[in-house]
Amino acid sequence: MSVKSPILDAKIPDGPVQQKWSDHKASIKLVNPANKRKYTVIVVGTGLAGGAAAATLGELGYNVLNFCIQDSPRRAHSVAAQGGINAAKNYQNDGDSVWRLFYDTVKGGDYRAREANVYRLAELSTNIIDQSVAAGVPFAREYGGTLANRSFGGAQVSRTFYARGQTGQQLLLGCYSALMRQVDAGRVKLFPRREMLDVVLAEGRARGIVCRNLVTGEIEKYAADAVCVATGGYSTVFFLSTNAVNCNATAAWRCYKKGALFANPCFTQIHPTCLPQAGEGQSKLTLMSESLRNDGRVWVPKTKGDKRPPQDIPEGERDYFLERKYPAFGNLAPRDISSRAAKEACDNGYGVGATGFSVYLDFAEAIGRLGESVIRERYGNLFAMYHEITDEDPYRMPMRIYPAPHYTMGGLWVDYNLMTTVPGLYALGEANFSDHGANRLGASALMQGLADGYFVLPATISDYLAEHRPDGMTTNHEAFTESVKAVDEQTKQLIGINGKKTVRDYHWELGRVMWEKVGMARDEAGLKEAISDIQALREDYWKNVKVGGSNEDLNKSLEFAGRLGDFLELGEVMAVDALDREESCGGHFRKEYQTADGEALRNDDKFCHVSAWKYTGDNKTPELHKEPLEFDDVKLTQRSYK
Amino acid sequence: MKFQVKVWRQKNRQDAGRFETYTVEDVIPEMSFLEMLDLLNEQLLKRDESPIEFDSDCREGICGTCGLVVDGMAHGPKRACTTCELRMRNFSEDKTIVVEPFRAHGFPVIKDLVVDREAFDRIIAAGGYTSVNTGSAPEANALLIPKDIAEKAMDSAACIGCGACVAACPNASASLFVSAKITQFSLLPQGAAERKRRAVRMVEQMDREGFGNCSNHAECEAACPKSISIENIAVMRREYMKGALAGA
């Protein structure tokens, strides 16, 4: 059994899981409407979580300062989500309910998520759809005018809402428009092209941030009554991932270094349907929405090293391995299972394409059954994107796909109120660890980002603010001066090294270590190697990196250099966490712990807990704290999609 | 592959700027245009020269961050494609590739190929929303929207806000961008209450930002990576007229 750490109080409300959120809301302290404008709240990030939170806090009357690294809040990486958003509306009358979405999400997360959080997420899912439609999001519709749904991995009901293959974009534009309305109303002040480089603590509470103005290079400071970090995940630690090239862990990592615990860093998601890598100059991997698996069939040739073009391989000589291994879910098996199955096929020599590291995703059967026009309507933009990148027409020949890092379930530890272990410091969306356990189901990230931003944080933050009245804190406080000094020194240090290898060279090397040893399948020896490899790389980095340019104007190489410095620490903590977790669960697969037929083997006796790591100093192993997970409503069973 | 590229270099907003020519080696045809620039930047850094600054993020054509004028065309010679989606196989090694920032009065250059497009945010802030606070939305299926209407709204909503329409327009007009948002809302029942006010405020904000007017060249439609039609501009004109006549 895990022993609960005294510093991890999840503050889960009492009572039956169905009642926790409504009872909690009824007991939360409120801030009088006339007093709200006296409070300043900083929100870092403008994606679904940050944008929705900033807009909603503005609507409530708080004075909001909203920061983003992009030139506009509309460009946050939520924009790239393709497939859809889950909600327990049960519009299809196919047996869906809040309970079933809750159950599917807990099971999909391989029983490593907090039940109370997941139930709340499922409960709020329906409100998100209402809110987004009201904002003008043009979701797909049926001829009668009702909302349409599609199916997604890990579920046997059709509950995913979508706007072509641009669901993330449309949802983000929905909350971006709400945000801009608040900007116009003067309740939200926007700070684009700013990178948060430190959270400022005074008397143990989060009281502001220090950031770099990415245009002028100036180090700026901002004071507030609370700080909310909604800065996304850390998949770019792998260098090549489906994330945008500017995605980074810096804001979250600097919170960790100021005392916020970082939970389950080893829980990363490798997405099964991405475009395979073409060369070393590649800057990112492109995702093809998982919704493609609704109509696409995944296969490899039955013969190793079969070099025939796909159309020349007869039906009988193809191995539809997901359908064969998981007949109940087939091509819709969850992401971790599908990714591992594809990697296994390629590692065993059945892979296709020039490198042998890809599998087919074939639409011929669906085109035959439904006609090309239906497929074009469902996936037209995805097919066009694939065609553009690969120069191959997926209407005529199967796509080639391979898994790629896509999402990180781990993140800053938060309690039920989304507060980290630092009072007044909140984490939202992908930046926190809360709802997806060891594996996130498709179409659940958008749901969680918007639930946190629109509904959870705006409700829970008043409980803290009511207890901590505005006290005239300004950036003249010495805590700000110290923080600015530290940030400024590090920036100058990076420029000053002027070594031989570029930031990209180091990032590429780190990515290779992470992918090979802390990627889809991990083992003790590999993880130990990864830890020492990363330590050596980090040491070399701070002696030998070449950043170039100056710290006094726009310098992207410098931005990347700061972020990579943090990844070189985070990567090690991911490996430390993966080494400590001697079980396989969801996206964390330890080769030593698998069933006879190669499935993840959990160890609920020893590892049914959240692992939260506390910073203890540079180049020191962090301290592990455990939050035991209790399952009162969902029975712990081995996940089966067969 | 090996390419000659002629790139606009400009230290800051005040600097007059100039073209510099570089040679990039080891390019492969699968590379995106921006990956080619990444490669060039690595080569420049290693020679102690300052890298070329350009904006980009998602690198899959949806965030709207990237945007370069390549050989005189916003987002380059390929239709319906952002700069990050453009592949080097579309270029010939024999011809020097010319790379410039999006040039427009409304988009001042920050450095090299990076421009300031905050004017677009201010235009959206002037009315590109529905005034519905979080929590006050009705049940989603209470509002029936015919499939063809939803699809048309989506065609307009697909705008990624990159600004290629402005860069391509001889008048540096932002009409395609503004009209796409106005059209999306003019088709949908959501936000109908503020329809007239929205059109007037957004158009007036566009004027204040220093964007030119539309004189039907249709260069914007040709440059738009999401193939947004200039029919949207016709809708915007009607919506503006209705609003202006109603005194909104």
Side-chain angles (χ1 to χ4, degrees), chain A residues 55-56 59 70-72 74-75 77 79-80 91 129-131 133-136 138-147 163-164 166 169-170 173 177-178 180-181 183-184 190 192 215 244-246 278-279 281-284 286 385 388-389 391 454-455 458 502 504 546 548-549 553-554 556-557, chain B residues 12 28 30-31 34-35 38-39 42 45-46 48 50-51 53 55-65 81 85 87 89 110-111 114 116-118 120-121 124-126 128-134 137-141 143-147 150 153-154 157-158 160-161 184-185 188 190-191:
Chain A
T56 305
E59 289 163 6
Q70 297 86 355
D71 68 327
S72 163
R74 66 179 294 152
R75 312 209 194 279
H77 189 58
V79 79
Y91 284 161
I129 301 305
D130 298 343
Q131 194 63 41
V133 167
F139 281 122
R141 303 243 167 200
E142 304 294 351
Y143 282 104
T146 53
L147 288 152
R164 293 190 190 148
Q166 293 125 276
Q169 180 205 22
Q170 293 308 314
L173 292 181
S177 65
M180 295 317 290
R181 175 173 161 245
V183 170
D184 190 47
L190 266 186
V215 175
V245 293
N246 292 298
Q282 195 142 345
S283 57
K284 72 159 284 171
T286 302
M385 184 164 86
E388 177 56 37
I389 294 173
D391 214 15
Y454 275 138
F455 300 108
T502 63
R504 191 185 193 280
K546 183 178 203 59
D553 70 341
L554 186 86
K556 288 193 196 280
S557 175
Chain B
N12 50 44
I28 60 168
E30 290 80 18
M31 258 182 192
L34 298 183
E35 285 166 353
D38 287 342
L39 183 65
E42 289 291 296
L45 256 175
K46 285 180 180 163
D48 278 322
S50 64
E53 299 292 358
D55 266 331
S56 85
D57 203 16
C58 77
R59 300 224 172 172
E60 55 187 61
I62 192 70
C63 72
T65 310
C81 172
E85 294 175 297
R87 303 280 143 178
R89 74 171 86 88
I110 293 174
K111 186 175 179 182
V114 178
D116 179 345
R117 287 170 292 192
E118 285 176 30
F120 272 15
D121 289 328
I124 296 295
Y129 48 74
T130 64
S131 296
V132 183
N133 284 354
T134 303
E139 151 61 37
N141 256 350
L143 206 58
L144 297 179
I145 303 173
K147 187 183 170 82
M154 183 64 210
I160 58 173
Q184 177 194 344
F185 284 123
L188 296 172
Q190 298 98 312

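Order of the sequence lines fixes the chain letters, A, B, ..., with proteins taken first and strands second; residue numbering starts at 1 for each chain. Since this is a predicted model, take the numbers as computed values, not measurements.
- Counting heavy-atom pairs closer than 4.5 Å to chain A, the top residue among B:Asn12, B:Leu143, B:Leu188, B:Asn133 is B:Asn133.
- When each of B:Ser131, B:Pro138, B:Ala150 is scored by its heavy-atom pairs under 4.5 Å with chain A, the top score falls to B:Ser131.
- Per-residue counts of heavy-atom pairs under 4.5 Å with chain A were compared for B:Leu39, B:Leu34, B:Ile110, B:Asp116; the largest is that of B:Ile110.
- For the pair B:Asp48/A:Lys546, a side-chain contact is recorded, criterion being any heavy-atom separation below 4.5 Å from C-beta on.
- Contacts of B:Glu139 with chain A are made by both backbone and side-chain atoms, with heavy-atom separations under 4.5 Å.
- Heavy atoms closer than 4.5 Å to chain A are found in both the backbone and the side chain of B:Glu60.
- Remark: the backbone N or O of B:Glu35 is not paired with any side-chain donor or acceptor of A:Ser283 at under 3.5 angstrom.
- In this structure, A:Pro458 and B:Thr134 have side chains that are not in contact, with every pair of non-hydrogen atoms separated by 4.5 Å or more.
- Here CG of A:Leu554 is found 4.5 Å from CD of B:Glu53. Values are rounded to the nearest 0.5 Å.
- With a 4.5 Å cut-off on side-chain heavy atoms, B:Met154 and A:Gln166 count as touching.
- Smallest separation of non-hydrogen atoms from B:Met31 and A:Gly281: CE-CA, 3.7 Å.
- Looking at B:Asp121, its side chain never comes within 3.5 Å of a backbone N or O of A:Met180 through a donor-acceptor pair.
- Here the shortest heavy-atom pairing between B:Ala140 and A:Val133 reads CB-CG2, 3.9 Å.
- Proximity of B:Asp55 to A:Lys556: side-chain heavy atoms (C-beta onward) are separated by under 4.5 Å at one or more points.
- Proximity to chain B involves both the backbone and the side chain of A:Ile389, based on heavy atoms less than 4.5 angstrom apart.
- No donor-acceptor pair under 3.5 Å is formed between the side chain of B:Glu42 and the backbone N or O of A:Thr502.
- A:Asn246 contributes a side-chain N or O that, together with a main-chain N or O of B:Ser56, makes up a donor-acceptor pair within less than 3.5 Å.
- Taking A:Asp71, A:Asp184, A:Leu190 one by one and counting their heavy-atom pairs under 4.5 Å with chain B, the maximum is reached by A:Asp184.
- For B:Ile145, the parts lying under 4.5 angstrom from a heavy atom of chain A are both the backbone and the side chain.
- Listed options B:Gly161, B:Ser50, B:Pro51 were ranked by heavy-atom pairs under 4.5 angstrom with chain A; first place goes to B:Gly161.
- In this structure, A:Arg75 contributes its side chain and B:Gly64 its backbone to a donor-acceptor pair below 3.5 Å.
- In this structure, B:Asp38 does not pair ionically with A:Arg504, as no charged nitrogen and carboxylate oxygen lie closer than 4.0 Å.
- Between B:Val132 and A:Gln131 the shortest side-chain heavy-atom distance falls below 4.5 Å.
- Between chain A and the options B:Ala153, B:Ala137, B:Cys81, B:Gly191, heavy-atom pairs under 4.5 Å are most frequent for B:Ala137.
- Residue B:Gln184 comes nearest to A:Pro138 through the heavy atom pair NE2-CD, 4.0 Å, listed as atom of the first residue, atom of the second, then distance.
- Interface check for chain B: of the options A:Leu173, A:Val215, A:Leu147, A:Thr286, the most heavy-atom pairs under 4.5 Å are formed by A:Leu147.
- For A:Asp553, the part sitting under 4.5 Å from any heavy atom of chain B is the side chain, from C-beta outward, and nothing else.
- Looking at A:Tyr91, the atoms closer than 4.5 Å to chain B (heavy atoms on both sides) all sit in the side chain, from C-beta outward.
- With chain B as partner, the option from A:Glu142, A:Arg74, A:Gln70 having the largest number of non-hydrogen pairs under 4.5 angstrom is A:Arg74.
- Looking at heavy atoms from C-beta onward, B:Arg117 lies out of side-chain contact with A:Ser72 at the 4.5 angstrom threshold.
- Of all non-hydrogen atoms in B:Thr130 and A:Ala135, the two that sit nearest each other are OG1-CA, 3.4 Å.
- Of all the listed residues (A:Gln282, A:Glu388, A:His77, A:Met385), the one sharing the greatest number of non-hydrogen pairs under 4.5 Å with chain B is A:Glu388.
- Comparing B:Ala157, B:Gly128, B:Pro146 by heavy-atom pairs within less than 4.5 Å of chain A, the highest count is held by B:Ala157.
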